[in-house]
There are 2 protein chains.
Amino acid sequence: MGDADVLRQVGLRVTAARLAILRTVREGGHLDVDSIHRRTREHVGQVSLQAVYDALRALHEAGLLRKIEPMGSPARYEARVGDNHHHLVCRTCGSVTDVDCVKGQAPCLDPTDTSGYLVDEADITFWGICPRCQTKGN
Amino acid sequence: MGDADVLRQVGLRVTAARLAILRTVREGGHLDVDSIHRRTREHVGQVSLQAVYDALRALHEAGLLRKIEPMGSPARYEARVGDNHHHLVCRTCGSVTDVDCVKGQAPCLDPTDTSGYLVDEADITFWGICPRCQTKGN
DNA sequence: TTCCTTTACTTGAGTCATTCAATAAAACGA
DNA sequence: TCGTTTTATTGAATGACTCAAGTAAAGGAA
């Protein structure tokens, strides 16, 4: 199934911008909005930053993209959704790496005491220094 | 040991603003900067917003306060540090509640595969609907 | 195909949390 | 008490993101 069908399936219109943005995020890893904007332009020419914001929100609300916001840095988007994986974030360079769920397949949704909350998601970020920044000294 | 000594111990000068801010955060739970500013004023009169930002950063860097930034809302500070607890955040009203570490005393610092990262902290946020918002029938 | 309605895109201005910069005022060791 | 260093004040700036109004494109209906 192509991306056009994926979009239609979630009730979104198929536009060049959305197809390009979807592709960009898939290729890119964990890109911020600015990077997505720049790379998307390389694919389809002119696209406004607002169009990128709009499309990312639509794609995110439709469940096609996941949005992460590590403390202190702008939002990032990734195409890997629905598998409840977590993230390693480098304190030095800010790079993000996926980590599979700590508990295997289970969705990590069980704090020992939920205090009455109806919990539907566990958002887990591991902070540390990435291999490259370790070797770079400091 | 009083707060003044606590401040001196971490190498910070003792000022009325810092003492009041520390007290405010202790009393407040998970307050954002604006709330801290407002409440601190009630304790000591005039304090500028920037002084609050500066003090919070200093206190945070000194390890006296913990900073959390749930997606989509301004930063919040809490006085409970060093025990690696986690947070429940309400999707509806944004309120934050503490949860003890899922793994008991252990610091939850073991993703199955760290990809070479030197991990020093696990930041875990559980998202859901708080009891009050559940009964309010959204 | 053409028309029409709905949805998306563009441009430009606005908001909010946070930071920067320069001056004034305290803290605290000498 | 003095002098240096750190902290506070005031005001301006930044950056990520949103809002709003008009234009363009998508896709169903005629």
Side-chain angles (χ1 to χ4, degrees), chain A residues 2-25 30-38 40-41 43-62 64-65 67-77 94 96, chain B residues 2-25 30-38 40-41 43-62 64-65 67-77 94 96:
Chain A
D3 280 347
D5 300 299
V6 172
L7 287 174
R8 272 187 280 264
Q9 202 168 22
V10 296
L12 292 175
R13 286 192 179 170
V14 178
T15 70
R18 285 174 175 172
L19 291 173
I21 288 167
L22 206 44
R23 181 179 151 203
T24 301
V25 176
H30 304 87
L31 300 173
D32 58 28
V33 179
D34 230 62
S35 306
I36 294 169
H37 184 213
R38 247 181 301 103
T40 300
R41 286 181 160 195
H43 291 145
V44 292
Q46 165 67 11
V47 183
S48 71
L49 182 58
Q50 274 58 35
V52 176
Y53 271 104
D54 287 352
L56 288 172
R57 179 154 41 71
L59 295 170
H60 176 235
E61 285 174 1
L64 299 181
L65 295 183
K67 181 181 186 181
I68 61 177
E69 299 184 44
M71 293 203 309
S73 63
R76 291 164 176 274
Y77 290 84
V96 179
Chain B
D3 280 347
D5 301 298
V6 171
L7 287 173
R8 271 186 281 265
Q9 202 168 22
V10 296
L12 292 175
R13 288 191 178 171
V14 179
T15 70
R18 285 175 175 173
L19 291 172
I21 287 166
L22 206 44
R23 180 181 151 201
T24 301
V25 176
H30 304 87
L31 300 174
D32 58 29
V33 179
D34 230 61
S35 305
I36 294 169
H37 183 213
R38 248 182 300 102
T40 300
R41 284 180 161 195
H43 291 145
V44 293
Q46 164 66 9
V47 182
S48 71
L49 182 59
Q50 275 59 35
V52 175
Y53 271 103
D54 287 352
L56 288 171
R57 178 155 41 73
L59 295 169
H60 176 235
E61 285 173 2
L64 299 180
L65 294 183
K67 182 181 186 179
I68 62 176
E69 299 184 43
M71 293 202 308
S73 64
R76 291 165 175 272
Y77 290 84
V96 179

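Proteins get letters first, then strands, A, B, ... in listed order; numbering begins at 1 in each. Values reported hereafter were calculated over all heavy atoms of this structure, with side chains retained and with hydrogens, waters and symmetry mates removed.
Residues A:Arg18 and A:Ala55 share a closest heavy-atom pair of CG-CB, 4.1 Å. Residues B:Val52 and B:Val33 share a closest heavy-atom pair of CG1-CG1, 4.0 Å. Residues B:Ala51 and B:Val47 share a closest heavy-atom pair of CB-CG1, 3.9 Å.
When the nearest nucleotides of DNA chain C are assigned to A:Gly11 and B:Arg8 by heavy-atom distance, the more 5′-ward of the two goes with A:Gly11. With the nearest nucleotide of DNA chain D identified for both B:Leu49 and B:Arg13, B:Arg13 has the one nearer the 5' end. Remark on DNA chain C: of its neighbouring residues B:Asp34 and A:Gln46, the 5'-side contact belongs to A:Gln46, judged by nearest-heavy-atom nucleotide.
In this structure, A:Arg76 and A:Glu69 have side chains that are not in contact, with every pair of non-hydrogen atoms separated by 4.5 Å or more.
Using a 4.0 Å cutoff to heavy atoms of chain B, the contacted part of DNA chain C runs 5' to 3' from C:dA17 to C:dC28. Mapping heavy-atom proximity under 4.0 Å, the span of DNA chain D touched by chain A runs 5' to 3' from D:dA16 to D:dG27.
Contacts between residues 68-77 of chain A and DNA chain C, defined by a heavy-atom separation below 4.0 Å, involve no residue at all.
Within 4.0 Å (heavy atoms only), B:Ser48 reaches at least one base atom of the nucleic acid. B:Ala58 comes within 4.0 angstrom of nothing in the nucleic acid, heavy atoms only.
Applying the ring-ring contact (aromatic ring centres under 6.0 Å, His included) criterion to B:His30, with sequence neighbours excluded, gives B:His87. B:Val10 meets the side chain to side chain contact (heavy atoms under 4.5 Å, CB included) test with B:Leu12, B:Ala62, B:Leu64; sequence neighbours excluded.
No donor-acceptor pair closer than 3.5 Å links the side chain of B:Asp3 to the backbone N or O of B:Val6.
Atom CG of B:Leu31 is separated from atom NE2 of B:His37 by 13.5 Å, given to the nearest 0.5 angstrom.
One end of the helix from C:dT1-D:dA30 to C:dA30-D:dT1 points its axis 30° away from the other end's axis, with each axis taken from 5 pairs and the angle rounded to 10°.
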